[in-house]
Amino acid sequence: MLYSVKMRASCAGNHISGAEKIVPAATVPQTVAQLAERALTHAKGTPDFINVKIEDPGEILHLPALPVTTHATATEAEGRATAAELLRNAGITRIDEIMSRFAEASSLRGAMLLDADTLERLEPDPVRGVRATYMDDADSARKGTASGKNHYAEAIVLATKVQYAPGIVGEICVSDDPDYVTGYVATREIGYCRITTIKAKGSPDGGRIFLYRGLRDQVAETIRFLEHQAVIVDNVPVLPPVPLPAPVPRCVSPAALPQRPRWDSLAADLAAIHAAGCHRTVSTTDDRQPTSGTSDQRRPTCLASNDYLGLATDPRVCRAAADAALTYGAGSTGSRLTTGTQEPHLALERHLAAFKGTEAALVWATGYMANVGTISALVKKGDAILSDELNHASIIDGCRLSGADVIVYRHRDLDDLARKLAACREHRRRLVVSDAVFSMDGDILDLPRFLEICRRHDAFSMIDEAHATGVLGATGRGLAEHFDCDHADITLGTLSKALGSSGGFVCGPQTLIDYLTNKSRSFIFSTALGAANLAAADTALTILEQEPDRVARLRQNATFFVNELARYGIHTTTESAIVPIIIGDERKAVAVSNILRDKGFLISAIRYPTVAQGAARLRVALSSEHAQETLGAAAEAIAEAI
Ligand code: WAQ
Ligand code: MG
């Protein structure tokens with residue numbers, strides 16, 4: 001519980017000093033003592049009345065301190081000219097008239113609230129002005145002498161609160177202490193601009209003007225915010241930064257600046273991509289992608305999607321998504337560690353952990369973010385990552401972002417891995433990461449041998465089961481079920497493929513999940529998935545548990561399809577749902593894919609940079625819901641098209 005502690009001291013009815021803090025209950029007594037001392041030792045005289053008020057400040061808003069710049073000025077005239085210039089840059093007009101109101105502002109206990117455009121005064125009490133109160137520096141206790149006044153820190157707290165008040169567009173302040181000649185101008189855009197000399201030494205004429213721009217009927221809310229909303233300002237700088245050497249330049253309209261031909265260099269890069277036959281555009285697929293032939297020629301049969309078990313369009317999955325959206329809303333409204341965690345997040349994480357047989361699980365907004373955020377959290381400079389050369393781009397990006405030494409080993413060559421791992425003994429941590437099913441060839445990792453090597457070399461083992469979840473193992477639980485072996489230390493999966501929804505997840509020990517919750521930047525700093533995606537994935541997982549025959553059908557379809565292709569002299573293999581048909585030349589692959597589209601089959605051509613140059617291919621992705629007649633017809637069409 002925090003308390004607002006406010007002190008006011010006067011003598012014969014004349015104000016001497018005032019101060020306020022927002023502090024925890026435990027430090028209320030010492031705060032009261034410090035404020036009392038401040039009142040009793042004020043240069044303006046000895047008070048005959050000191051009022052200390054201790055109260056609940058209500059809900060507290062945390063605000064980041066305005067950034068500070070300092071403008072060194074030597075005279076009052078120079079200071080006022082600088083203030084005028086800063087306000088003009090911030091879009092305020094009629095500046096001379098505003099500055100001339102200072103004589104009036106000096107007589108107030110509070111600040112003058114001026115309409116920035118009409119210059120009308122808006123405060124209900126023009127004698128008192130508006131006083132900003134209920135505010136403190138987040139660590140005022142550590143700053144300066146608690147009993148004395150820190151003009152600078154107190155002014156930043158006030159200026160920050162004021163600039164976050166609705167409708168306020170700027171402030172100008174001049175100290176009323178005869179010996180303190182510094183003042184400032186503040187706006188949200190330019191921050192807190194100190195002006196070292198803004199009045200003549202010895203002058204008691206100081207004051208504040210708050211500039212307001214907005215509707216009249218909202219002034220009351222602005223005043224409420226200033227006078228009652230409790231605010232704690234974080235990261236108030238301790239010392240004023242070094243003065244700026246040059247005065248701020250006048251703002252110039254961007255339209256007045258000459259245009260440099262910077263787009264030309266982007267167009268040149270695009271031309272090179274075109275020339276290599278690798279230019280891409282986004283294209284829409286049909287609203288729903290049929291896995292069987294339809295009479296509608298414009299709706300080709302899809303052999304390209306990641307919806308391996310047909311769950312993306314399962315009515316039970318779609319219904320769950322719709323119901324969850326109606327219950328929890330379309331968006332999660334925040335990141336997971338703020339307001340974004342809803343019951344469906346926790347339910348799905350429990351379900352995923354139970355499904356995989358691990359202690360815990362954590363969900364990210366996409367599989368890409370799960371990889372990037374997990375790898376970069378686990379290792380850093382001084383650590384080593386060993387990564388299969390054909391790992392997915394999200395693994396590669398995570399490796400790069402981590403800052404660790406990245407050692408690439410030959411595709412599925414675990415002897416090469418063992419050799420390279422042996423050379424990494426000096427690294428602080430070792431992380432070995434591999435796709436479970438390689439996304440472009442459909443081949444799989446030898447998990448038992450992989451785990452043995454990782455353990456022997458005291459390395460973390462991590463696998464990405466994006467294309468293995470729902471595909472491998474008798475009940476679709478992935479590579480560990482397929483080989484009947486232990487789990488990797490870190491198992492990543494996706495909700496976006498066999499589970500028909502969207503998102504990524506990591507399964508593993510509770511310690512891992514706690515660690516990632518605190519360290520994974522893509523988890524911490526992105527908006528949490530919406531409930532519809534989560535409920536869809538949760539329901540898809542339940543269907544997978546109840547209908548393991550879908551996984552069996554998918555395997556049968558893969559075997560059947562590879563055998564059909566062989567009948568036409570096309571020899572390929574697969575251990576998963578992905579069947580690669582190597583074409584080689586990039587343009588030929590695209591041409592074959594286009595012919596197939598005309599024949600009613602949607603099959604992707606995969607080109608550089610997704611695969612190596614000259615290794616372009618058709619990539620067939622199978623579904624448990626494909627009928628064997630469809631697959632037979634597709635094999636025949638592929639052979640003809642090639
Ligand atoms: N709310 C509104 N107006 C106030 C408040 C308040 N809480 N406190 C003071 N004022 C008005 C009032 O008219 C004072 O006469 C005037 O502001 C000046 O107050 O080194 O010391 O507390 O960067 O004397 C600025 C530079 C120092 C600090 C400002 O103001 C720096 C200062 P003072
Ligand atoms: Mg003062």
Side-chain angles (χ1 to χ4, degrees), residues 4 6-9 14-22 38 42-44 65-73 79 82-83 86 101-114 121-123 125-137 143-144 148-165 168 170-186 191-199 201-212 222-231 233 236-244:
S4 155
K6 294 167 76 163
M7 176 277 287
R8 255 183 319 117
N14 296 320
H15 177 77
I16 291 185
S17 89
E20 62 171 306
K21 304 262 175 227
I22 298 174
R38 181 161 160 177
H42 201 275
K44 276 193 187 160
L66 295 177
V68 177
T69 50
T70 300
H71 302 265
T73 50
T82 301
L86 288 163
R101 302 295 283 273
F102 253 95
E104 227 177 303
S106 310
S107 63
L108 306 176
R109 280 261 288 116
M112 179 185 276
L113 185 61
L114 270 195
R121 289 190 60 176
L122 304 172
E123 323 93 274
D125 179 351
V127 178
R128 174 174 166 271
V130 182
R131 281 193 65 84
T133 55
Y134 295 107
M135 60 201 173
D136 202 357
D137 178 342
K143 290 206 179 97
K149 176 168 167 125
N150 181 341
H151 283 277
Y152 170 70
E154 289 184 16
I156 290 175
V157 168
L158 186 148
T160 300
K161 180 177 183 188
V162 170
Q163 290 315 309
Y164 277 88
I168 295 293
E171 180 194 350
I172 172 161
C173 166
V174 176
S175 171
D176 58 11
D177 293 8
D179 290 325
Y180 203 71
V181 295
T182 305
Y184 65 85
V185 163
Y192 179 98
C193 301
R194 301 185 78 211
I195 298 168
T196 53
T197 303
I198 196 166
K199 71 167 188 191
K201 207 166 166 74
S203 159
D205 290 338
R208 281 185 157 92
I209 299 177
F210 300 165
L211 296 166
Y212 177 87
T222 303
I223 293 174
R224 187 208 63 81
F225 183 99
L226 292 168
E227 299 198 326
H228 296 289
Q229 173 65 54
V231 163
V233 179
V236 175
V238 178
L239 282 173
V242 183
L244 286 183

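Every number for a ligand or one of its atoms is a count from 1 in the order of the listing.
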Note to self: Less than 4.0 angstrom from a charged side-chain N to a carboxylate O is my criterion; do E20 and K161 meet it?
What the structure shows: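 Not counted as a salt bridge, because no side-chain N and carboxylate O are separated by less than 4.0 Å.
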Using a 4.0 Å cutoff against the non-hydrogen atoms of [X], which atoms of ligand 1 qualify?
X: V174; answer: 18 (C)
X: A132; answer: 1 (N), 2 (C), 6 (C), 7 (N)
X: Y192; answer: 23 (O), 26 (C), 28 (C), 31 (C)
X: G110; answer: 2 (C), 3 (N), 11 (C), 12 (C), 13 (O)
X: Y180; answer: 20 (O), 26 (C), 27 (C), 28 (C), 31 (C)
X: L158; answer: 1 (N), 5 (C), 6 (C), 7 (N)

Treating [X] as the side-chain partner and [Y] as the backbone partner, does any N or O pair qualify as donor plus acceptor under 3.5 Å?
X: E171; Y: F210; result: no
X: K201; Y: V181; result: no
X: R121; Y: P126; result: yes
X: T133; Y: E227; result: yes
X: D125; Y: R128; result: yes

Next item on the list: Only heavy atoms count here, so choose which of H151, M135, R128 is nearest to atom 21 (O) of ligand 1.
Entry: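 The residue whose heavy atom sits nearest atom 21 (O) of ligand 1 is H151.
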Margin query: Please state which option from I198, D176, L226 has its nearest heavy atom closest to atom 33 (P) of ligand 1.
Written below: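 Shortest heavy-atom distance from atom 33 (P) of ligand 1: D176.
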So is [X] touching ligand 1 or not, going by heavy atoms under 4.0 Å?
X: T133; result: no
X: V130; result: yes
X: E154; result: no
X: V162; result: no

Contact check: [X] vs ligand 1, nitrogen or oxygen atoms, below 3.5 angstrom:
X: C173; value: no
X: T182; value: no
X: A111; value: yes
X: G183; value: no
X: Y184; value: no
X: L108; value: yes
X: Y152; value: no

Pairwise side-chain contact, [X] with [Y], heavy-atom cut-off 4.5 Å (strictly under):
X: H71; Y: C193; answer: yes
X: T73; Y: T197; answer: yes
X: L114; Y: R101; answer: yes
X: R194; Y: T182; answer: yes

Margin query: More than 12 heavy atoms of other residues, nucleotides or ligands under 6.0 Å from CZ of R8: yes or no?
Written below: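 Atom CZ in R8 is not crowded, with 12 or fewer foreign heavy atoms closer than 6.0 Å.
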Note to self: Side chain, backbone, both or neither: which applies to R194 and ligand 1 if a contact is any heavy-atom pair less than 4.0 Å apart?
What the structure shows: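 It is the side chain that gets close, since no backbone atom is under 4.0 Å.
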Check: How many angstroms lie between CD1 in I223 and CD in Q229, if you round to the nearest 0.5 Å?
Finding: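 Rounded to the nearest 0.5 Å, the CD1-CD separation comes out at 15.0 Å.
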